[in-house]
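In what follows, a single structure is set out as structure tokens and then discussed.
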There are 2 protein chains.
Amino acid sequence: MQSVDIDQIRSLPLFATMAQENFDSLVTGAYLQRFPAQVELINEGDLADFLYIVLEGRVELYSTGNDRETTMAMITPVSTFLLAATIKSACYLMSGRTIKASRVLLIPSEDVRRVLDIDPGFSRAIVDELATCYRSVVKATKNLKLRTAVERVGNYIIRLQDKSDGADMVELPVGKRVLASMLGMTPENLSRAFSALQSYGILVSGPRIEITDRAVLVAYCKPDPLIDDMTS
Amino acid sequence: MQSVDIDQIRSLPLFATMAQENFDSLVTGAYLQRFPAQVELINEGDLADFLYIVLEGRVELYSTGNDRETTMAMITPVSTFLLAATIKSACYLMSGRTIKASRVLLIPSEDVRRVLDIDPGFSRAIVDELATCYRSVVKATKNLKLRTAVERVGNYIIRLQDKSDGADMVELPVGKRVLASMLGMTPENLSRAFSALQSYGILVSGPRIEITDRAVLVAYCKPDPLIDDMTS
DNA sequence: GGCTTCGCTTGATCCAGATCAAGCGCAAAA
DNA sequence: TTTTGCGCTTGATCTGGATCAAGCGAAGCC
């Protein structure tokens, strides 16, 4: 593994506060792997053998059942996923696949649990991480239950602009098919939602979106910090 | 506070592993309160001043926005809620109200955070509790996104029967209006869902439900341990 | 008893979003 | 260049569930 990777992982909130020797022992037992796009990493129902950390690329967490499939979350570098299953020695509730070529670090679950029991810094960091994850899922649920499809798309654009420091022109980080699934709708309806929003201050051309009148967009989508603010 | 209450709280997984003195200090600083039904306990957006523990009664967690309201979870005794907000010193993401007369213990958030930092047993228990909460929300989301309204009702009945040790006759623990909201549908549709399920092995009369043919019900509703098993 | 209230059911209609079915545009392969 | 394929759009139709609007029956109250 590159030392730059190790530094990156070490600086994640989850690993920043633990003792150096425990961090070293986790990293030593870990596997670094490269995957092309569209590779199944994990399957829901399998026992949680590893904690995953995405270093590069993008991983989609999704669930199936009743002949349907639904995207639950999108993991962007650098962050971990499947922490809860790892800690509980339980099975995964979601499946995971790469949606672009990715570099992923796998830490054996038993190592994580062992260190968790002996390192208070790590334990405290996991508490924070889990609380954050929990709140994200709650926000995602509210987003889904309290908003229409068009509003979800609009608020997604607003968030995207915020992440781009308010630039007028933003670029979609994933294909529209995947984006639709992320936002809980079909690709057809995403298309229609974009058209609908052209009357509310945006201009779409391919993967590029121009926010021509943010005030109008905001007035229509009514972003809510209790749903959209990812920092709290 | 009654000592029987204290024992009950102490035996919760969240408080079972902490040092006695820390437990005592939490309980000493706590407030025990009684509320009638339909009292607003907390409002989303407010700062998390307390960790709540429901000792008796029932508390509904719900969210509002866009002129809509949606039930997020139902808290039954004896358990805690709003742990994540408490830990992160953040604001509540959900509002809470009693739906029957309830006894609730309030522990100041700063006490929880203080003890969390000094008691490894408590910290470890919080990790488990948060992981469990996280997984419940994920399961609830899957239930909502992957199933139709009728299937959700059917699986709810199946779970209810399991909790009643497989008795043929079960009783709804909450009114149908609230139940509908819990299951993410309108009261009208809950009514229709019950009618629809009469063809699949159940018989409804008021708040009492007879499971006449569990095999048929199960075949129709296809319960999934990755959604319905609350113990994993 | 009659009267209200409230929780529930039932029927009719409406609507957001899914599904089905073409078409279109662009990029890589031939 | 043409061809194939894929991602996206557009239009038409379908459907699960919401909404609107009565009815209905049991519990409380006068």
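Just so it is clear: chains get the letters A, B, ... in the order the sequence lines come, proteins before strands, and each one is counted from 1. When reading the values below, keep in mind they use all heavy atoms of this one structure, side chains included, and skip hydrogens, waters and symmetry mates.
Using a cutoff of 4.0 Å between basic side-chain nitrogens and carboxylate oxygens, A/Asp67 and B/Lys222 are not scored as salt-bridged. With respect to the salt-bridge test (charged N to carboxylate O, under 4.0 angstrom), the residues B/Lys142 and A/Glu44 qualify. A salt bridge does not link B/Asp229 to B/Lys139: none of the charged nitrogens lies less than 4.0 Å from a carboxylate oxygen.
Regarding B/Arg68, its CZ atom lies at a distance of 15 Å from the P atom of D/dG17, rounded to whole Å. Put simply, CD on A/Gln198 is 9 Å from P on D/dT10, counting in whole angstrom units. Look at CZ on A/Arg177: it is 14 Å from C1' on D/dG5, rounded to the nearest Å. If you measure from atom NZ of B/Lys176 to atom P of D/dG25, you get 15 Å, rounded to the nearest angstrom. A straight line from CE of A/Met185 to P of D/dT9 spans 13 Å, rounded to a whole angstrom. Distance B/Leu190 CG to C/dT9 P: 7 Å, rounded to the nearest Å. The distance from atom CG of A/Leu146 to atom C1' of C/dA16 is 16 Å, rounded to the nearest whole Å. One interatomic measurement links the two molecules: CG of A/Leu183 to P of C/dA16, which rounds to 18 Å at whole-angstrom precision.
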- Task: Determine, stepwise, if the pair B/Arg97 / B/Gln38 fulfils side chain to side chain donor-acceptor pair (under 3.5 Å).
- Result: CA-CA 6 Å; B/Arg97 69 165 79 100; B/Gln38 302 301 332; 4.5 Å; no
- Message: Between A/Glu69 and A/Ser63, is the side chain to side chain donor-acceptor pair (under 3.5 Å) condition met? List the steps.
- Response: CA-CA 6 Å; A/Glu69 179 180 312; A/Ser63 281; over 6 Å; no
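A close approach under 4.0 Å does not occur between any side-chain nitrogen or oxygen of A/Thr148 and OP1 or OP2 of C/dA16. Residue B/Thr186 places no side-chain N or O under 4.0 Å from the OP1 or OP2 atom of D/dG17.
A donor and an acceptor atom sit less than 3.5 Å apart, one in the side chain of B/Glu188 and one in the base of D/dC20.
Distances were taken from every side-chain heavy atom of A/Ala149 (C-beta onward) to each of C/dG17, D/dT10, D/dA18; the shortest belongs to C/dG17. For B/Asn189, the side-chain atoms get nearest to D/dA18 when compared with the rest of C/dA18, D/dA18, C/dC8.
Heavy-atom distances to DNA chain C give each of B/Arg192 and B/Gly175 a nearest nucleotide, and the one nearer the 5′ end belongs to B/Gly175.
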